[in-house]
Amino acid sequence: MKYYNINKTDEVLDFKQAAIKGLGTNKGLFVPERIPTLEPSFFDKIETMSNVEIGVEVMRPYVGDIFSEEELTQIISETVPFDFPVHTLNNQQNILELFHGPTMAFKDVGARFMARCFGHFAHEKHQQVNILVATSGDTGSAVAQGFYKVSGVNVIILFPKGKVSDFQEYQMTSLGKNITAVEIDGTFDDCQAFVKKAFLNKELNHKFNLSSANSINVARFLPQMLYYFFAYKQLKQQLKGKEWVVSVPSGNLGNITAGLYAQRMGLPIARFVASNNDNKTFYQYLKTGEYLAQKSVTTYSNAMDVGDPSNFDRIVNLYKNNVAALTHNISGAHITDSEVVKEIKKIYAENKYVIDPHCAVGLIGLQQNSQDENEVGTVLATASPYKFIPVIQKAIPTFPFDKNKGAIKEVKMHKYSISNSFVEYEKILEKVLG
Ligand SMILES: *Cc1c(COP(=O)(O)O)cnc(C)c1O
């Protein structure tokens, strides 16, 4: 499989090169030159396959001959060693729980897959790879946990000071070894801008062999397709004769893009709902056909506080700029924090089931976009409610949280603190990698 740069279509690389490069020339994202389709026989027997078998089938065409069958099987089995259960709310709504990995949020899968790919690459070349990542919380913790102690790979994580949860900060700053955490006095968009700027700096890039771990990286974004297949495997019987709608709580749009790819591969998803919080750039685009990046604003569903979603170009590319076709397949939703609190409360009252703020955004988005009785809707629960105890307690004051779950242990945490200055960021890179 070849990958090309959306902004410079003659820049064509294989999976390994595209993964190492991260972002292409002119800030272009890499996309596969075609989306392979799976045989009907795959879908006929999917419920009899293990998650690892499904993962290997789905990912094989994308990695080509970069890995042997054995290596790919090994990578996938280390990527998805936990469960992806579906929780049924009622006949028409269910929730795919994507938070059973080490950081209790869905980004574990992409980070683990990418980490293991990079471990292979570094090992082959006997060369250190340095990964830069910007995070609003979940990416950083998933990448930190995913790459921890993978030999040959250094990770430097940049996050906005005071805007990630204590638990996320703990997961990024407590590991040490090949993981370095840096907080800046700014927003997530500032973090993302610094990382992009570092990549565009030829000198830095050359000196440090830089690579990215944001959801723009093909090695992170593609394995997210697996969630949708794992959901289908569990729901196949129930979906017979029904239309399947999937609502994705969306920030940088990596997860929903992966879903769109899964659909193109043949997975029978009828349509998607992209559910936004107050960071509603994509929602506005779906309404008006015009893309206007916004400044990010802080919400309860903070992993989606993204004003200029980085995977937008991949979605537009998928539809060859045909806005009508795109909006036919994807509906938007915009959900506020107060609606989120009400929804968490309501779902708990009705089902004795606790959802996190991101899932609440997705669930309301699904409800607002339900069209008829014949539909079955799945919401991706992208994080565990245990990561958002203060919000849950606002909604359900009586909920008896098990204090040991999600608790922060007393360990030494280390981070660098810098002002909102690229020069200072560069100094840290020199210090840690130089
Ligand atoms: C990252 C994240 C999202 C948003 O996913 P994108 O791929 O950036 O759209 C949603 N929920 C949680 C919990 C996340 O960590």
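Atoms within each ligand, like the ligands themselves, are counted from 1 in listed order.
Atoms of ligand 1 lying under 4.0 Å from at least one heavy atom of G254, given by number and element, are 6 (P), 7 (O), 9 (O). Heavy-atom contacts of P249 reach the following atoms of ligand 1: 4 (C), 10 (C) (cutoff under 4.0 Å). Short contacts between ligand 1 and T382, defined as distances under 4.0 Å to a heavy atom of the residue, involve ligand atoms 10 (C), 11 (N), 12 (C), 13 (C). In summary, the atoms of ligand 1 found under 4.0 Å from a heavy atom of K107, numbered by their order in the structure, are 1 (C), 2 (C), 3 (C), 14 (C), 15 (O). Counting atoms of ligand 1 from 1 in the listed order, those under 4.0 Å from a heavy atom of S250 are 9 (O).
Other residues, nucleotides and ligands place no more than 12 heavy atoms under 6.0 Å from the NE2 atom of H328.
Taking any N or O of I256, backbone or side chain, none lies under 3.5 Å from an N or O belonging to ligand 1. Taking distance alone, with nitrogen or oxygen atoms compared against 3.5 Å, G251 approaches ligand 1 more closely than that limit. For the pair N255 and ligand 1, the shortest N or O to N or O distance falls below 3.5 Å. On a distance-only criterion, L253 and ligand 1 share at least one N/O pair closer than 3.5 Å.
Remark: R314 qualifies as a cation-pi partner of F221 under the 6.0 Å distance and 45° angle criteria applied to the six-membered ring. Stacking of K197 on the aromatic ring of F422 is recorded, both the 6.0 Å distance cut-off and the 45° axial limit being met.
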Could you tabulate the donor-acceptor pairs under 3.5 Å formed by side-chain atoms of residues 342-353, not counting sequence neighbours?
unit_1, atom_1, unit_2, atom_2, d
E343, OE2, Q367, NE2, 3.2
N351, ND2, I347, O, 3.3
Y353, OH, E97, OE2, 2.5

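Under 4.0 Å from ligand 1, not a single heavy atom of Q224 appears. Contacts between N252 and ligand 1, counted as non-hydrogen atom pairs separated by less than 4.0 Å, involve both the backbone and the side chain.
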Full working for ring-ring contact (aromatic ring centres under 6.0 Å, His included) between F118 and F121: CA-CA 5 Å; F118 275 64; F121 303 156; 5.6 Å; yes
From CA spacing to verdict: side chain to side chain contact (heavy atoms under 4.5 Å, CB included), F30, N217: CA-CA 8 Å; F30 287 104; N217 195 297; over 6 Å; no
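Residue contacts with ligand 1: F99 is excluded, as none of its non-hydrogen atoms falls under 4.0 Å.
Considering CZ of F188 and CG of N279, their distance stands at 10.5 Å, rounded to 0.5 Å.
Residue pairs that meet the ring pair (Phe, Tyr, Trp, His ring centres under 6.0 Å) test with at least one member in residues 302-324, sequence neighbours left out, are Y285-F312, Y291-F312.
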